[in-house]
S.K.: 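Please read through the structure below; I'll follow up with questions.
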Amino acid sequence: MISVVNVQQMLQLEAEAESHLEEHALMRTAAFGLYIEILNILRTHFGSAQRRSIVGLIGPGNNGSDALWAMSLLSRCGLKVSAIDTTQKREQGFVDQLYTSSNGMWQSFEDMPDSIDLIIDGIAGLRNNLAPSDAVLDFVTAHPESLVVAVDMPSCFDNDSATLIDADRVIVADYTVTFGYLKPCHVFNPARSLCGDVILVELPLAQVPEPVGQLMEPSDVSELLTELDIQSNKYTHG
């Protein structure tokens with residue numbers, strides 16, 4: 001079974017893990033997982049990640065930091081990365097310094113090139129209650145050819161209720177990379193339909209005692225299925 005947790009459960013699990021892990025261990029693991037998945041996505045769509053251009057839409061919180069850390073690794077691999085501070089509220093912490101030291105560039109919406117291979121939506125966190133801004137929507141709309149990878153979730157809905165904050169202000173992701181556990185927005189519509197392919201990156205978190213839901217995997221039912229033979233038909237194996 002794949003467990004589904006709500007925001008409060010996820011925050012509690014993260015706090016418990018951080019109490020006995022090295023500083024920034026969870027963020028480092030999440031960022032590295034995001035970095036690997038973005039490379040895989042680029043290789044799937046373009047055959048290679050080399051010389052591809054990436055723009056990160058960066059919010060003020062941990063999702064923005066996850067994106068920046070992953071982008072610093074992508075920059076060291078020779079990819080062209082640019083970040084936009086979408087809220088102008090980021091504090092220049094160690095992740096921002098790491099990004100800058102990796103030759104990552106901070107730019108504005110107006111400075112972006114016409115051709116962008118992949119856009120990272122790293123704006124909103126799990127507790128998001130805001131719809132995307134006009135500038136963000138205009139930017140994403142102006143690049144319909146770009147792949148969109150959301151960090152945790154597209155920045156346009158409430159996580160626990162899986163509902164849109166504003167039905168007229170929507171970001172549709174091609175992929176959503178989330179961490180530790182699935183959340184309601186990844187399994188319930190209408191949010192699920194905006195996430196694209198959902199990729200779960202494992203984190204060193206405890207088991208949640210009472211998840212809000214569980215998804216069955218093939219291994220959960222494989223023992224219930226008997227092997228077919230030449231005499232089997234829909235009446236004997238129904």
Side-chain angles (χ1 to χ4, degrees), residues 24 26-125 132-133 135-156 171-179 195-199 201:
H24 307 308
L26 282 184
M27 185 179 294
R28 181 174 62 246
T29 304
F32 186 79
L34 178 60
Y35 153 71
I36 292 296
E37 295 303 337
I38 288 175
L39 285 180
N40 288 337
I41 289 167
L42 290 172
R43 289 165 181 156
T44 297
H45 285 268
F46 302 107
S48 171
Q50 294 299 313
R51 298 182 297 279
R52 295 297 166 183
S53 61
I54 296 175
V55 172
L57 304 179
I58 307 300
N62 287 342
N63 274 38
S65 295
D66 291 339
L68 277 182
W69 202 331
M71 289 168 66
S72 71
L73 296 172
L74 292 165
S75 179
R76 293 178 186 276
C77 289
L79 281 75
K80 182 180 179 181
V81 300
S82 301
I84 300 174
D85 183 353
T86 60
T87 63
Q88 299 298 310
K89 293 180 180 179
R90 275 202 69 83
E91 298 179 2
Q92 294 299 306
F94 84 98
V95 175
D96 302 69
Q97 297 167 8
L98 178 65
Y99 173 71
T100 303
S101 68
S102 303
N103 297 318
M105 299 175 60
W106 285 99
Q107 295 183 292
S108 67
F109 286 108
E110 294 77 16
D111 295 332
M112 289 296 103
D114 293 333
S115 178
I116 299 168
D117 295 310
L118 186 145
I119 297 171
I120 301 175
D121 175 3
I123 303 171
S133 67
V136 168
L137 286 174
D138 290 346
F139 179 79
V140 174
T141 303
H143 297 87
E145 78 290 346
S146 303
L147 295 169
V148 176
V149 177
V151 182
D152 252 336
M153 63 178 192
S155 300
C156 58
I171 294 176
V172 181
D174 297 291
Y175 297 87
T176 293
V177 180
T178 192
F179 312 103
C195 290
D197 292 345
V198 178
I199 301 169
V201 172

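Note: hydrogens, waters and symmetry copies are ignored here, and every other heavy atom, side chains too, is used. Since this is a predicted model, take the numbers as computed values, not measurements.
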S.K.: Cut-off 3.5 Å, no hydrogens considered: what does the side-chain donor-acceptor table look like for residues 146-153, sequence neighbours left out?
M.R.:
| unit_1 | atom_1 | unit_2 | atom_2 | d |
| --- | --- | --- | --- | --- |
| S146 | OG | I116 | O | 2.6 |
| D152 | OD1 | T178 | OG1 | 2.5 |

S.K.: Is it the case that the side chain of T176 and the backbone of V198 share a donor-acceptor pair, with hydrogens and angles ignored and the cut-off at 3.5 Å?
M.R.: no
S.K.: Verify whether one side chain among S108 and E110 offers a donor that lies under 3.5 Å from an acceptor in the other.
M.R.: yes
S.K.: Quick one: does any side-chain atom of S102 pair with a main-chain N or O of G104 as donor and acceptor, under 3.5 Å?
M.R.: no
S.K.: Does any N or O in the side chain of T86 come within less than 3.5 Å of the main-chain N or O of I58, such that one atom is a donor and the other an acceptor?
M.R.: yes
S.K.: Could you walk me through whether I120 and I38 pass the side chain to side chain contact (heavy atoms under 4.5 Å, CB included) test, one step at a time?
M.R.: CA-CA 9 Å; I120 301 175; I38 288 175; 3.5 Å; yes
S.K.: Determine yes or no for a side-chain-to-main-chain donor-acceptor pair under 3.5 angstrom, with T100 supplying the side chain and Q97 the backbone.
M.R.: no
S.K.: Is there a side-chain contact between L98 and L68, using heavy atoms and a 4.5 Å cut-off?
M.R.: no
S.K.: Taking the side chain from D85 and the backbone from Q88, do they hold a donor-acceptor pair closer than 3.5 Å?
M.R.: yes
S.K.: Report, as yes or no, whether the 6.0 Å neighbourhood of atom CZ on F32 holds more than 12 heavy atoms from other residues, nucleotides or ligands.
M.R.: no
S.K.: Closer than 3.5 angstrom, by distance alone: can the side chain of R51 be matched with the main-chain N or O of L79 as a donor-acceptor pair?
M.R.: no
S.K.: Is there a donor-acceptor pair closer than 3.5 Å between any side-chain N or O of N63 and the backbone N or O of G122?
M.R.: no
S.K.: Checking D117 side chain against S53 main chain: does a donor-acceptor pair fall under 3.5 Å?
M.R.: yes
S.K.: Examine W69 together with Y35 and report whether their ring centres are nearer than 6.0 Å.
M.R.: no
S.K.: Could you tell me whether the side chains of D138 and T141 share a donor-acceptor contact shorter than 3.5 Å?
M.R.: no
S.K.: Rounded to the nearest 0.5 Å, what separates atom CD in E37 from atom OH in Y175?
M.R.: 10.0 Å
S.K.: Can you tell me how far apart CD1 (I119) and CD1 (I54) are? Round to the nearest 0.5 Å.
M.R.: 11.0 Å
S.K.: Counting only heavy atoms not in D114, do more than 12 sit closer than 6.0 Å to its CG atom?
M.R.: no
S.K.: State whether the side chain of Y99 and the backbone N or O of M105 hold a donor-acceptor pair below 3.5 Å, judged by distance alone.
M.R.: yes
